[in-house]
Amino acid sequence: MERIFITGGSGLLGSKFATINSDYEIITTYNTNPRNDAVKLDITRKDDVLSKIESLNPDLVIHSAALTNVDYCEDHQEEADKINVQGTLNLVKACDQTDSKLIYVSTDFVFDGKKGMYQEDDETNPLSYYAKSKLKGEEYIQNSDIEYAISRVSVLYGWHTNFNFVTWVISELKEGNDINIVTDEYNSPTFADNAAEAILNIYSKGREGVYHIVGDERINRYDFAVNIALVFELDETLINPILSEDLIRSAPRPMDSSLSVEKAQNDLDIKLLNTTDGLKEMKKVMK
């Protein structure tokens, strides 16, 4: 049985791989949030990464661990480098030692947002320090000798112990709270369960290179929030439209970082879900 090693196994995306029925042995890891049957791993410690991966000798490493808070990364750049850049380099070196394939989870924010619906080979131009650190990770991998794929995701959502945009909106609307959501920032929100399945397909189908693993839709945050309210039968009138200039944030954001999924859907034999379909799938398993 082929063995897959997941970094960031306690995160939203990383936790989904263990729930997918597959023919693989899935080994998940955690750093600060313990999980049952998971391996503790600090990706910033080169010796820890090398020893764990060499001892487990996985066929594939899926690297989903990252410091993803965009504003926090802007204000804590050294920490962002340590986790997102050095941590990734440590994994590249370990995969080189074990001849393991690496699938790196990156972000739509590697683009500057000037045009939207980006394809995989479009020129990158990150605006925030978070995005710059993730792009450095991409470049380390592309310049290495290992077998790899890069999976760019956007606005991941799904059930998890920590809030994401969707679960936050649901919680606030259930409490009857007004929320302010921007109308002028566009993304391609990604149902985490769907993304995990697509990423496994990259491996099972022997694909390499860059793939946009996101929802099949370009949508602004306000309309996404309205879709959440409609699917979960909550009060959409509590959602107030605002502009991004009304928010005080440390890091700049791309105005339109929506991604094309044409390549992924053609190569991976999977339907990447738009927000309405993704939210309906999420609702089916609501506890």
Side-chain angles (χ1 to χ4, degrees), residues 1-9 11-28 58-66 88 91 95 100-111 116-122 124 134-135 137-138 141-142 144 146-158 187-219 257-282 284-285:
M1 180 180 289
E2 292 178 282
R3 179 175 292 167
I4 299 178
F5 184 86
I6 315 288
T7 73
L12 172 58
L13 178 61
S15 65
K16 300 302 180 182
F17 292 101
T19 67
I20 298 174
N21 291 324
S22 71
D23 295 325
Y24 303 117
E25 178 188 359
I26 304 291
I27 299 172
T28 60
D59 299 280
L60 170 67
V61 174
I62 298 177
H63 179 28
S64 67
T88 300
L91 285 157
C95 288
S100 304
K101 181 172 182 175
L102 176 65
I103 298 181
Y104 173 67
V105 179
S106 190
T107 173
D108 57 325
F109 276 21
V110 296
F111 298 108
M117 294 307 293
Y118 290 95
Q119 296 183 330
E120 283 82 353
D121 58 358
D122 280 333
T124 55
K134 292 297 291 181
L135 183 59
E138 288 192 16
I141 293 165
Q142 290 169 322
S144 73
I146 65 171
E147 183 183 352
Y148 75 88
I150 292 168
S151 165
R152 294 179 181 142
V153 300
S154 171
V155 193
L156 284 163
Y157 66 91
N187 309 96
S188 298
T190 311
F191 183 40
D193 305 61
N194 190 211
E197 184 179 356
I199 290 169
L200 283 181
N201 280 12
I202 292 175
Y203 180 65
S204 65
K205 295 182 179 299
R207 303 300 186 182
E208 299 180 7
V210 181
Y211 283 93
H212 289 167
I213 306 297
V214 296
D216 187 11
E217 184 175 21
R218 172 186 180 268
I219 190 170
S257 60
S258 56
L259 304 179
S260 167
V261 296
E262 181 179 2
K263 176 185 175 184
Q265 295 197 138
N266 288 339
D267 286 6
L268 305 179
D269 191 27
I270 191 170
K271 172 63 178 172
L272 291 164
L273 303 177
N274 62 31
T275 57
T276 299
D277 291 340
L279 291 166
K280 286 179 178 178
E281 287 298 310
M282 185 176 169
K284 286 180 182 178
V285 295

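Residue numbers count from 1 along this sequence.
The shortest side-chain heavy-atom distance between I6 and S64 falls under the 4.5 Å cut-off. In this structure, the side chains of I4 and L200 come closer than 4.5 Å at one or more pairs of heavy atoms. Put simply, the side chain of D193 does not reach to within 4.5 Å of the side chain of E281, judged on heavy atoms.
Environment of CG in D269: sparse, with no more than 12 heavy atoms of neighbouring residues, nucleotides or ligands closer than 6.0 Å. Counting non-hydrogen atoms of neighbouring residues, nucleotides and ligands closer than 6.0 angstrom, the NZ atom of K280 reaches no more than 12 such neighbours. By the neighbour-count criterion of 12 heavy atoms within 6.0 Å, atom CD of Q142 is densely surrounded, having more than that number from other residues, nucleotides or ligands. Within a 6.0 Å sphere centred on CG of D23, heavy atoms belonging to other residues, nucleotides or ligands number 12 at most.
One finds the CD1 atom of I202 at 12.0 Å from the OH atom of Y148 (value rounded to the nearest 0.5 Å). Interatomic distance, CG of L259 versus CZ of R218, reported as 12.0 Å (0.5 Å rounding). To the nearest 0.5 Å, atom CZ of residue R207 and atom CG of residue N201 are 10.0 Å apart. The structure places SG of C95 at 8.5 Å from CD1 of I141, a figure rounded to the nearest 0.5 Å.
Partner Y211 forms a side-chain contact (heavy atoms from CB on, under 4.5 Å) with one of I103, I150, D267 and no other, that one being D267.
Taking 4.0 Å as the cut-off between side-chain N and carboxylate O, R152 and E138 count as a salt-bridged pair.
The minimum heavy-atom distance linking G137 with Y104 is given by the pair CA-OH, 3.6 Å. Pairing each heavy atom of I213 with each of T190, the nearest pair is O-CG2, 3.4 Å. Contact detail for G158 and F191: the closest heavy-atom pair is CA-CE1, 4.3 Å. Looking at every heavy atom in both residues, Y157 comes nearest to G278 through OH-CA, 3.3 Å. Heavy-atom minimum distance, I146 versus S144: CG1-OG, 3.0 Å. Across all their heavy atoms, A192 and L156 have their closest contact at CA-CD2, 4.1 Å.
Distance alone, capped at 3.5 Å, places no donor-acceptor pair between the D216 side chain and the N274 backbone. No donor-acceptor distance shorter than 3.5 angstrom exists from the side chain of E147 to the backbone of E208, with no hydrogens or angles considered. Panel note: side chain T7, backbone A65; a donor-acceptor pair is recorded below 3.5 Å. At least one donor-acceptor pair closer than 3.5 Å links the side chain of Q265 to the backbone N or O of L272. Counting only distance, with no hydrogens or angles, the side chain of S258 and the backbone of S188 share no donor-acceptor pair below 3.5 Å. Not a single donor-acceptor pair under 3.5 Å links the side chain of D59 to the backbone N or O of E2. K101 contributes no side-chain N or O that, together with a main-chain N or O of I62, makes up a donor-acceptor pair within less than 3.5 Å. A donor-acceptor pair is defined here as one N or O able to donate and one able to accept, closer than 3.5 Å; no such pair exists between the side chain of D108 and the backbone of H212. Formation of a donor-acceptor pair under 3.5 Å by the K263 side chain with backbone atoms of V210 is found in this model. Side chain of E25 to backbone of M1: no donor-acceptor contact under 3.5 angstrom is found.
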- Going through the distances and angles, do I26 and I20 end up as a side-chain contact (heavy atoms from CB on, under 4.5 Å)? CA-CA 10 Å; I26 304 291; I20 298 174; over 6 Å; no
- Please lay out, stage by stage, how D277 and N194 fare under the test side-chain contact (heavy atoms from CB on, under 4.5 Å). CA-CA 11 Å; D277 291 340; N194 190 211; over 6 Å; no
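Relative orientation of the Y118 and F111 rings is parallel, given thresholds of 30° and 60° on the angle between their planes.
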